[in-house]
**Student:** 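Here it is: the structure, laid out below.
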Number of protein chains: 2
Amino acid sequence: MSNENQLKKNGCSPSHQGCVSMVPIFNHLDEVQMEEIMQTVQSYSFKKGELIYRAGDTSNVLTIVNKGSLRIYRLSESGKEQLVRVLKPGAFTGELALFNETVHENYAEAMEETSVCQITRESLEKLLIKYPSISLKILQALSTRVDESEHQATQFSTESTEQRLASYLVDLLGEGNESMIVTLPMTKKDLASYIGTTPETVSRKLKELEDMKLIKRISSSRIKILDEDNLLFL
Amino acid sequence: MSNENQLKKNGCSPSHQGCVSMVPIFNHLDEVQMEEIMQTVQSYSFKKGELIYRAGDTSNVLTIVNKGSLRIYRLSESGKEQLVRVLKPGAFTGELALFNETVHENYAEAMEETSVCQITRESLEKLLIKYPSISLKILQALSTRVDESEHQATQFSTESTEQRLASYLVDLLGEGNESMIVTLPMTKKDLASYIGTTPETVSRKLKELEDMKLIKRISSSRIKILDEDNLLFL
DNA sequence: CGCGCTCTTGATCAGGTTCAACATTAGTGG
DNA sequence: CCACTAATGTTGAACCTGATCAAGAGCGCG
């Protein structure tokens with residue numbers, strides 16, 4: 001982590017307790033155990049656009065998002081940027097450099113005012129030995145991420161841009177969203193990067209989907225899904 | 001796992017010990033511990049083309065390749081197949097269904113006569129609690145896989161087919177291969193699927209690379225790398 | 001030996017990128 | 001709070017990479 005970005009460094013004070021109890025990899029523990037974990041994590045804040053780490057950095061901490069959101073992106077050999085995922089509160093990153101004692105391969109950037117907790121390799125290893133249930137939670141999270149990432153790679157190589165955009169919108173909708181309205185959680189530029197295309201194409205394809213009466217654009221970032229079935233059926 | 005595919009089922013007999021001791025997630029343990037693990041795994045064999053599991057199957061085992069190789073592939077929503085990776089001895093699969101208690105999202109198929117060891121969720125959880133170092137090994141392996149998979153997704157979305165093919169060849173070469181000759185570990189058809197293109201395009205691009213004097217085709221599956229630097233520089 | 005594959009090569013076609021111009025939005029400072 | 005600037009977003013036109021279709025060659029396997 002770049003030192004100039006460490007705006008605030010403080011032990012997790014009681015007022016921050018809510019944060020750790022929200023974290024999926026810890027939230028099965030009881031209050032006493034939670035308190036123990038609080039002692040071992042450090043809390044930091046980042047302003048919009050600041051990097052938590054960059055590719056090539058060494059690191060011995062796991063970073064857990066507390067509030068705000070992080071943009072995880074990669075640069076390809078030829079220098080093009082690809083948005084890999086967006087981390088919301090409760091999600092973590094940095095596991096590659098941590099567990100393999102290597103460098104980061106991606107970049108983590110604050111998308112807004114964001115606070116994170118970090119736990120060092122030593123502390124985490126102690127916790128994993130003391131509470132093996134935590135490793136199961138991390139194993140769960142990582143195998144889900146492998147799945148998501150392979151799914152994304154498969155989509156890139158087998159489906160059209162239109163299909164990828166459509167299924168992204170349906171994913172955003174989730175289960176049981178009565179309003180059928182989704183709010184894009186990122187700029188169109190980032191969305192384009194995420195689904196592996198250009199902003200121009202996103203713009204055109206959204207218009208096409210609207211012309212086909214599959215969606216309706218409410219505002220620049222809000223879209224109403226009119227025909228979920230046919231969106232997936234493209 | 002499909003029952004009809006369980007050709008051979010036997011506890012790991014001493015003659016199979018070599019197999020488990022080769023497995024990266026266990027090979028840091030001593031002989032006594034290794035013996036304990038042997039008791040908990042089951043060994044199976046599969047003939048070429050047989051499926052170890054398919055998408056949609058539930059499962060409570062982790063599958064570790066012993067001998068031979070497995071083809072892990074996915075089907076996209078539109079039914080197209082994509083080769084996700086090839087497992088060689090020591091590698092494992094099935095972690096998604098195992099740790100998340102959900103179904104498999106991909107298919108595992110024997111590429112040749114292949115033997116695997118399987119360990120159940122219950123046995124594995126007991127081992128993880130008893131030997132936390134095993135979870136660290138699995139966490140390492142999974143975070144490496146997340147990285148590889150994200151790297152692949154990034155290549156799909158940011159690099160040309162030619163670049164992907166070239167960097168695949170360089171990856172195959174690895175470090176310090178004096179002969180500069182790589183042997184394709186799969187058919188051109190699978191290679192095409194793996195790098196996200198068609199067999200026709202693979203054929204054409206290989207020819208282009210040869211015309212550019214970057215590679216030289218020795219035989220159908222053996223290729224000599226003539227200019228590693230410029231292959232990556234494309 | 002011959003039937004299936006995979007593999008190669010050619011010709012055509014379409015989806016998506018790129019470049020350029022303009023519109024819109026968001027961010028900044030007076 | 002408005003005005004100005006920079007960045008994002010939209011639309012059009014030309015171009016190009018790579019997919020598709022088709023036909024033939026090579027290869028492995030029963």
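Lettering of chains follows the sequences in order, A, B, ..., and the numbering in each one begins at 1.
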**Student:** What's the angle between the local helix axes at either end of the helix from C:dC5-D:dG26 to C:dG30-D:dC1, using five pairs per end and rounding to 10 degrees?
**Tutor:** 60°
**Student:** Under a 4.0 Å threshold between the charged nitrogen and the carboxylate oxygen, would A:Glu210 count as salt-bridged to A:Arg217?
**Tutor:**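 Looking at A:Arg217 and A:Glu210, the cut-off is met.
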**Student:** Using a 4.0 Å heavy-atom cut-off, does B:Arg164 contact any base of the nucleic acid, only the sugar-phosphate backbone, or nothing at all?
**Tutor:**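 Since no nucleic acid heavy atom lies under 4.0 Å of B:Arg164, the category is nothing.
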**Student:** B:Gln82 vs A:Thr154, test: side chain to side chain donor-acceptor pair (under 3.5 Å). Steps then yes/no.
**Tutor:** CA-CA 6 Å; B:Gln82 202 231 341; A:Thr154 299; 3.0 Å; yes
**Student:** For the side chain of A:Arg204 and the base of D:dG9, is some donor closer than 3.5 Å to an acceptor across the two?
**Tutor:** no
**Student:** Between B:Lys207 and A:Ser160, which is nearer to the 5' end of DNA chain C once each is assigned its nearest nucleotide?
**Tutor:** B:Lys207
**Student:** At a heavy-atom distance below 4.0 Å, which nucleotide of DNA chain C is the first touched by chain A, and which is the last?
**Tutor:**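 So the contact region on DNA chain C extends C:dG16 to C:dG27.
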**Student:** Got a salt bridge between A:Arg74 and B:Glu150, using NZ or NE/NH1/NH2 to carboxylate O under 4.0 Å?
**Tutor:** yes
**Student:** Measure the distance from CD on B:Glu159 to C1' on D:dG18 and round it to the nearest whole Å.
**Tutor:**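 Computing the B:Glu159:CD to D:dG18:C1' distance gives 16 Å.
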**Student:** Between P on D:dT17 and CD on B:Glu200, what's the gap in Å once rounded to a whole number?
**Tutor:**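 For the pair B:Glu200 CD and D:dT17 P, the rounded distance is 18 Å.
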**Student:** How long is the line joining CD of B:Gln163 and P of D:dC16, in whole Å?
**Tutor:**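 After rounding, the gap between these two atoms is 17 Å.
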**Student:** What are the residues of residues 190-199 of chain B, sorted by number, that bring a heavy atom to within less than 4.0 Å of DNA chain D?
**Tutor:** B:Gly196, B:Thr197, B:Thr198
**Student:** Measure NZ/A:Lys189 against C1'/D:dG9 and give the value in whole Å, please.
**Tutor:**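 After rounding, the gap between these two atoms is 11 Å.
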**Student:** Between A:Leu209 (CG) and D:dT10 (C1'), how many Å, whole number?
**Tutor:**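 These atoms are roughly 16 Å apart.
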**Student:** Could you walk me through whether B:Ser167 and A:Glu77 pass side chain to side chain donor-acceptor pair (under 3.5 Å), step by step?
**Tutor:** CA-CA 10 Å; B:Ser167 53; A:Glu77 275 90 42; 4.7 Å; no
**Student:** If the threshold is 4.0 Å, N to carboxylate O, is there a salt bridge linking A:Glu112 and A:Lys47?
**Tutor:**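 Between A:Lys47 and A:Glu112 there is no salt bridge, as every charged N stays at least 4.0 Å from the carboxylate O atoms.
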**Student:** Check every atom of D:dT10, D:dG12, D:dG18 against the side chain of B:Thr161 and return the nucleotide holding the closest atom.
**Tutor:**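 The answer is D:dG18, which lies nearest to the side chain.
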**Student:** Quick test of your reading of the model: are B:Asp227 and B:Lys213 salt-bridged, counting only N-O distances below 4.0 Å?
**Tutor:**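 The answer is no: the pair does not qualify as a salt bridge.
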**Student:** For D:dG9, does the glycosidic angle fall within 90° of 0 (syn) or outside that (anti)?
**Tutor:** anti
**Student:** How are the rings of B:Tyr194 and B:Tyr168 set to each other: parallel, tilted or perpendicular (split at 30° and 60°)?
**Tutor:** perpendicular
**Student:** Please determine if A:Glu159 and B:Lys80 form a salt bridge, counting it only when a charged side-chain N lies under 4.0 Å from a carboxylate O.
**Tutor:**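 B:Lys80 and A:Glu159: not salt-bridged.
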**Student:** Within this structure, what is the CZ-to-P distance between A:Phe156 and D:dA19, rounded to whole angstrom?
**Tutor:** 16 Å
**Student:** Evaluate the side chain to side chain donor-acceptor pair (under 3.5 Å) criterion for residues B:Asn100 and A:Ser143: first the C-alpha distance (whole Å), next the side-chain angles of each, then the deciding distance (0.1 Å), finally the verdict.
**Tutor:** CA-CA 8 Å; B:Asn100 289 288; A:Ser143 42; 3.3 Å; yes
**Student:** Does A:Thr187 or B:Lys205 map to a spot on DNA chain D nearer the 5' end, using the closest nucleotide for each?
**Tutor:**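 This one resolves to A:Thr187.
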**Student:** Check whether any side-chain heavy atom of B:Glu162 lies under 4.5 Å from a side-chain heavy atom of B:Leu209, and answer yes or no.
**Tutor:** yes
**Student:** Would you mind checking if B:Lys205 and B:Glu208 are paired as a salt bridge, meaning a charged N to carboxylate O distance below 4.0 Å?
**Tutor:**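 Between B:Lys205 and B:Glu208 there is a salt bridge, with a charged N closer than 4.0 Å to a carboxylate O.
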**Student:** Taking A:Glu109 first and then A:Arg54, would you say they form a salt bridge - that is, a charged N and a carboxylate O separated by under 4.0 Å?
**Tutor:** no
